[in-house]
Structure formats: structure tokens, C-alpha cells
Amino acid sequence: MAYGAHHTPLLPPHPELALARDCEHCFGWGTVVTRDGDHELCLECQQPSGDDEGTARAGS
């Protein structure tokens, strides 16, 4: 008997595929599956978005 995906109210993360293109860790998908079956962004190729509120900017 085949089983479908687990139902969860959380949407899977949306990776930046241009960054993931040559990644050997996630094989170009931009996400990895944890042991718990959750999808997470690949830490090797996906970096947090650039405009962090907590970082100080030079010249401000």
C-alpha cells in the first residue's frame, strides 16, 4: 500500500534555484530532507536573504 506525504499546515521553503544549480549537497534542489521528514533550505548553497534588520550598515 502506498502512503502519501504527511499533511502539514506549513509550506515547504522556497529555495533560490540559481544558487542551488551546482550544489553537491542538495543536488541542485536547494532543499534537504531531515531525518524527521521535514524540508529545510540547504545550508551549503542557500544563504539568508541579504537585508537583515539586526546588522549595522556602514555610513549610517
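For the atom pair NE2 (His39) and NE2 (His14), the distance works out to 12.0 Å, reported to the nearest 0.5 Å. The structure places CZ of Phe27 at 10.0 Å from SG of Cys42, a figure rounded to the nearest 0.5 Å. In this structure, CZ on Arg21 lies 11.5 Å from SG on Cys45, to the nearest 0.5 angstrom. In this structure, the separation between CG on Leu17 and SG on Cys23 is 11.5 Å, given to the nearest 0.5 Å.
Proximity of a side-chain donor or acceptor of Gln46 to a complementary backbone N or O of Thr31 within less than 3.5 Å is not detected.
Minimum heavy-atom separation, Val32 to Cys26: CG1-CB, 4.0 Å.
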